[in-house]
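Working notes for the structure below.
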Amino acid sequence: MRSSQLFGKTLRQAPGDAENISHKLLTRAGFIQQIAAGIFSLQPLGNRSITKIRNIIREEMDRAGGQEINMPVIQPRDLWEESGRAETFVPPLATFEDRRERQMIIAPTHEETATAMARASVTSYRDLPFTIYQIQTKFRDETRPRGGLLRVREFEMKDAYSFDADEEGLERSFQAMVAAYKRIFKRCGLDVVMVDADSGGIGGKDSNEFVLLAESGDDTILMSDESDYAANVEKAEFIKKEFPIGNLCEVEEFATPDIKTIEALAKLEGVSRSKTAKAVFYSVDGEVVIVTIRGDYDVNETKLRNLLGGSVPRLATPEEVKAAGLVAGSASAVGLEGVKSIVDDSITMGSNYLAGANKEGFHLRNVNFPRDFKADILGDIAEAKKGYPSPDGKGKLIAKRGIELGHVFKLGNVYSSKMGARYTDEDGQQNDVLMGCYGIGIGRMLAAAVEAYHDDFGMVLPSAIAPYDIYLAGLNLEDADISGKAEMLYESLQDAGFDVLFDDRDAPPGVKFKDADLMGIPVRVVISSRSMGNGGVEVKARAEKESEIVSEPDVIEAVRKLLG
RNA sequence: CGGGGCGUGGCGCAGUCCGGUAGCGCAUUGCACUGGGGGUGCAAAGGUCACAGGUUCAAAUCCUGUCGCCCCGACCA
């Protein structure tokens with residue numbers, strides 16, 4: 001491609017509404033154009049990058065045995081009634097009515113459609129297993145799109161769905177996808193880590209995220225500094241500190257005027273927060289529940305939701321707390337009737353706690369579980385934080401920020417049972433098909449790559465996903481000798497199989513160099529009267545400061561070396 | 001959905017408080033010069049001041065409403 005004919009222009013200044021690096025650079029370099037909040041067009045350069053990413057994904061999906069399909073973006077709402085997600089999907093489904101007044105939705109994901117596709121042709125265990133995938137547009141009407149391509153409403157996703165007869169098969173299919181994902185990110189030049197994750201609204205049990213570590217990421221990852229344990233903060237576990245359990249003393253009430261917080265209570269008594277039992281109130285499905293956790297830990301609401309069977313908890317309002325008969329600042333589960341009690345297992349790892357007396361201005365000493373209060377549910381609802389011991393017993397947790405690029409889930413029979421995707425086994429029995437689903441955000445991969453790999457001058461794209469391999473800058477092109485050589489170089493580099501952007505414009509050198517840097521093209525080749533005087537052409541990697549002069553016949557080899 | 005900010009040539013901004021000729025930088029066009037990090041000069045073109053209504057002799061500016069975009073929070077494959 002010749003720069004003189006390339007559609008799209010680079011900008012010296014990014015539009016004012018672009019805030020983060022990838023949004024600014026992708027806009028300035030002429031990769032993307034914003035059309036509305038969270039909705040973007042791809043210009044030729046951006047489209048080339050995305051096409052490269054898409055092709056790598058497609059190759060690896062095929063290699064892993066996936067079969068490419070295509071499912072509609074527009075779907076009847078009925079299909080979503082079957083899975084039960086029509087009302088519950090977050091964000092709410094984008095809906096419209098067709099001319100026959102049928103309710104239609106714009107698909108935010110394709111589990112329902114994939115299940116429908118499978119159930120139409122699977123009848124026997126002989127039909128299993130298989131994995132289908134597509135690269136398709138989704139729409140999620142996010143409450144707040146942000147960060148350019150990082151969090152958009154309309155986006156392209158590679159989504160794959162596996163179908164198996166049994167758990168062993170699901171595990172095999174799942175691991176095949178995990179392996180494919182690792183290859184995809186590696187080939188794209190992205191340093192991505194796989195972490196344990198919560199499965200959220202998609203459903204199912206096991207799930208892993210693939211995260212690109214970057215300071216600007218919105219995902220918090222906790223990883224061990226000594227082992228390969230890594231998990232999303234929503235999912236992360238840790239070894240809780242255990243205290244020796246001494247004699248259980250008698251409960252005694254004492255006056256604590258103006259003491260409303262665990263911090264103040266611990267200070268008043270001159271003990272650490274771990275000697276207190278903290279009570280937190282949540283509203284779940286319109287009901288107030290009391291959550292008790294040792295004072296040195298905080299509640300992880302995702303873990304709480306999972307313990308509650310998937311209902312989303314939110315902090316109860318002061319009015320709700322009052323209506324439930326609870327005394328904020330002096331509350332505890334001790335002696336409470338008619339309020340559901342959730343207890344974190346950290347409470348069992350200590351004794352003689354300070355806790356609220358359920359009486360304004362009073363607290364209790366020597367509260368013990370389960371002697372003094374009950375739990376309707378006992379489990380792990382504590383939020384892991386940096387510095388805590390890793391759950392595998394090796395090392396401490398460290399915290400990192402990251403951008404989620406992929407997510408894999410073992411769905412099991414969540415969809416197949418509801419939607420009737422069944423097969424007959426060897427014994428003639430009907431069973432639910434077991435499913436897995438596997439997603440990669442394609443546009444987000446490009447944005448994340450820019451977030452992770454850039455400098456003051458622009459993007460520094462990994463060669464596999466850069467729009468072009470080589471930025472060929474011809475200077476002094478009014479000199480027929482130079483321009484003739486530049487044209488020949490343009491031809492021979494293309495013949496060697498490289499994607500070349502040839503800057504043939506009548507523009508000052510500085511302009512060409514700035515554009516080359518901004519676009520992040522991995523290798524820059526310069527031919528000019530000066531380079532010829534120095535014995536050939538100049539070759540420079542985008543990521544390096546220094547360039548080298550090589551003779552014309554050696555250019556291809558030099559470029560190949562730089563591209564790796 | 002709560003809080004905050006912003007809408008003025010393609011991009012970045014000033015002008016709005018205090019109503020009266022729409023302005024600056026970059027980009028664009030032409031010519032000349034220049035030629036290794038967004039170069040110089042001369043000349044030129046380009047704007048329903050987000051939209052609608054109102055006040056006024058007069059509105060980018062004041063009033064009312066609407067829309068859009070961004071940021072923080074809540075939420076989030």
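Computed from a predicted model, the values in this text were never measured in an experiment. All values below were derived from every heavy atom in this structure, side-chain atoms included, with hydrogens, water molecules and symmetry-related copies excluded.
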Practice task
Look at the side-chain N and O atoms of R144(A) and state whether any lies under 4.0 Å from the OP1 or OP2 oxygen of C70(B).
Solution key: no
Exercise for the section: Take the protein atom CD of Q33(A) and the nucleotide atom P of G10(B), then report the distance between them rounded to whole Å. Expected result: 13 Å
Fill in the blank from the handout: Judged by nearest nucleotide, the residue sitting upstream toward the 5' end of RNA chain B, H23(A) or A507(A), is A507(A)
Problem - Shortest side-chain distance from M157(A), nucleotide among A77(B), C69(B), U28(B) - result: A77(B)
Handout entry: NZ or CZ of R48(A) within 45° of Y468(A) ring axis and under 6.0 Å
Key = yes
Exercise for the section: Scan every strand shown for a Watson-Crick or G-U wobble partner of G46(B), both distances under 3.5 Å, and answer none if you come up empty. Expected result: none
Problem - Separation of the P atoms in G39(B) and G46(B), to the nearest angstrom - result: 25 Å
Problem - Spacing between R305(A) atom CZ and C76(B) atom C1', to the nearest angstrom - result: 11 Å
Practice task
Say whether, by atom type as modelled, one donor and one acceptor occur between the side chain of Y229(A) and the main chain of A236(A) under 3.5 angstrom.
Solution key: no
Problem - Aromatic contact, F31(A) with H23(A) (centres under 6.0 Å) - result: no
Practice task
Determine the contact category for P15(A): base if any of its heavy atoms lies under 4.0 Å from a base atom, sugar-phosphate if only primed atoms, P, OP1 or OP2 are that close, otherwise nothing.
Solution key: sugar-phosphate
Exercise for the section: Could you measure between the two P atoms, the one in G23(B) and the one in G36(B), and give it in whole Å? Expected result: 38 Å
Practice task
Would you tell me if any nitrogen or oxygen in the side chain of Q13(A) comes within less than 4.0 Å of OP1 or OP2 on A27(B)?
Solution key: no
Handout entry: Watson-Crick or G-U wobble partner of A27(B), both distances under 3.5 Å
Key = none
Handout entry: Between C1' of U34(B) and CG of L477(A), the distance in whole Å
Key = 15 Å
Exercise for the section: Have a look at G147(A) and say if it touches a base, only the backbone sugar-phosphate, or nothing, with a 4.0 Å heavy-atom cut-off. Expected result: sugar-phosphate
Exercise for the section: Measure the distance from CG on D17(A) to P on C72(B) and round it to the nearest whole Å. Expected result: 13 Å
Completion exercise
Regarding the side chain of A36(A), the nearest nucleotide among A77(B), C70(B), C69(B) is C69(B)
Completion exercise
Testing G36(B), A77(B), C70(B) for proximity to the side chain of F409(A), the answer is A77(B)
Handout entry: Interatomic distance at C1', G15(B) relative to C70(B), whole Å
Key = 22 Å
Completion exercise
Rounded to whole Å, the CD1-P distance (I39(A) to C70(B)) equals 10 Å
Problem - Assigned partner base of A58(B), Watson-Crick or wobble definition, under 3.5 Å - result: none
Practice task
Answer with base, sugar-phosphate or nothing: what part of the nucleic acid does R524(A) contact at a heavy-atom distance below 4.0 Å?
Solution key: base
Completion exercise
When rounded to whole Å, the CG to P distance for the pair D455(A) and G37(B) reads 18 Å
Exercise for the section: Please state the P separation for the pair A59(B) and G19(B) - nearest whole angstrom. Expected result: 13 Å
Handout entry: Sugar-phosphate only, base, or nothing, as touched by N534(A) at under 4.0 Å among non-hydrogen atoms
Key = nothing
Problem - Pairwise P distance for U55(B) and U48(B), with rounding to whole Å - result: 25 Å
Exercise for the section: Measure from the side-chain heavy atoms of R151(A) and tell me the nearest of C76(B), G38(B), A27(B). Expected result: C76(B)
Practice task
Classify the nucleic acid contact of S529(A) as base, sugar-phosphate or nothing, counting any heavy atom under 4.0 Å across all strands shown.
Solution key: nothing
Completion exercise
Which of C69(B), G37(B), G35(B) is nearest the side chain of N476(A)? It is G35(B)
Practice task
Round to a whole Å and report the spacing from CZ of F513(A) to P of G36(B).
Solution key: 9 Å
Exercise for the section: For U61(B) and C51(B), measure between their P atoms and round to the nearest Å. Expected result: 10 Å
Handout entry: Pair assignment for G65(B), Watson-Crick or G-U wobble, requiring both distances under 3.5 Å
Key = C51(B)
Completion exercise
Of the candidates C76(B), G39(B), G36(B), the side chain of L475(A) sits closest to G36(B)
Fill in the blank from the handout: R146(A) has its side chain closest, among G73(B), G36(B), U28(B), to G73(B)
Handout entry: Nearest-Å distance once atom C1' is located in both A44(B) and A27(B)
Key = 15 Å
Practice task
May I ask you to check whether F409(A) and Y438(A) place their ring centres under 6.0 Å from each other?
Solution key: no
Handout entry: Selected nucleotide, minimal atom distance to L11(A) side chain, candidates C75(B), C11(B), C70(B)
Key = C11(B)
Exercise for the section: Determine yes or no for a side-chain-to-main-chain donor-acceptor pair under 3.5 angstrom, with Q136(A) supplying the side chain and M71(A) the backbone. Expected result: yes
Problem - R187(A) bridged to E59(A) by N-O distance under 4.0 Å - result: yes
Completion exercise
Paired to C1(B) by Watson-Crick or G-U wobble criteria (both distances under 3.5 Å) is G73(B)
Practice task
Name the nucleic acid region contacted by G441(A), choosing base, sugar-phosphate or nothing; use a 4.0 angstrom heavy-atom cut-off, strictly under.
Solution key: base
Handout entry: d(NZ, K514(A); P, G35(B)) in whole Å
Key = 20 Å
Practice task
Using only heavy-atom distances, decide whether a donor-acceptor pair under 3.5 angstrom links the side-chain of R28(A) to the base of G38(B).
Solution key: yes
Practice task
Classify the nucleic acid contact of G16(A) as base, sugar-phosphate or nothing, counting any heavy atom under 4.0 Å across all strands shown.
Solution key: sugar-phosphate
Practice task
Taking only Lys NZ, Arg NE, NH1 and NH2, and the carboxylate oxygens of Asp or Glu, determine whether R85(A) and E112(A) approach each other closer than 4.0 Å.
Solution key: yes
Exercise for the section: Taking only Lys NZ, Arg NE, NH1 and NH2, and the carboxylate oxygens of Asp or Glu, determine whether K303(A) and D198(A) approach each other closer than 4.0 Å. Expected result: no
Practice task
Counting Watson-Crick and G-U wobble pairs only, both distances under 3.5 Å, name the nucleotide matched with G38(B), or none.
Solution key: none
Practice task
Would you classify K9(A) as touching base, sugar-phosphate or nothing, given that sugar-phosphate means primed atoms plus P, OP1 and OP2, and contacts are heavy atoms under 4.0 Å?
Solution key: sugar-phosphate
Completion exercise
Closest to the 5' end of RNA chain B, once P509(A) and E142(A) are matched to their nearest nucleotides, is P509(A)
Handout entry: Quiz item: D515(A) side-chain donor-acceptor pair to G38(B) base, under 3.5 Å
Key = yes
Exercise for the section: Please give the nucleotide sitting opposite G19(B) as a Watson-Crick or G-U wobble pair, both distances under 3.5 Å, or none. Expected result: none
Exercise for the section: Between U8(B) and C69(B), how far apart are the P atoms? Round to whole Å, please. Expected result: 14 Å
Problem - Carboxylate-amine/guanidinium contact K138(A) D159(A), below 4.0 Å - result: yes
Handout entry: No-H, no-angle donor-acceptor pair, D517(A) side chain to G37(B) base, under 3.5 Å
Key = yes
Practice task
May I ask you to say what E209(A) touches in the nucleic acid, namely base, sugar-phosphate or nothing, with a heavy-atom cut-off under 4.0 Å?
Solution key: nothing
Exercise for the section: Check whether any side-chain nitrogen or oxygen of R12(A) sits under 4.0 Å from OP1 or OP2 of C11(B), and answer yes or no. Expected result: no
Practice task
Inspect the contact between K186(A) and E60(A) and indicate whether a charged nitrogen and a carboxylate oxygen are less than 4.0 angstrom apart.
Solution key: no
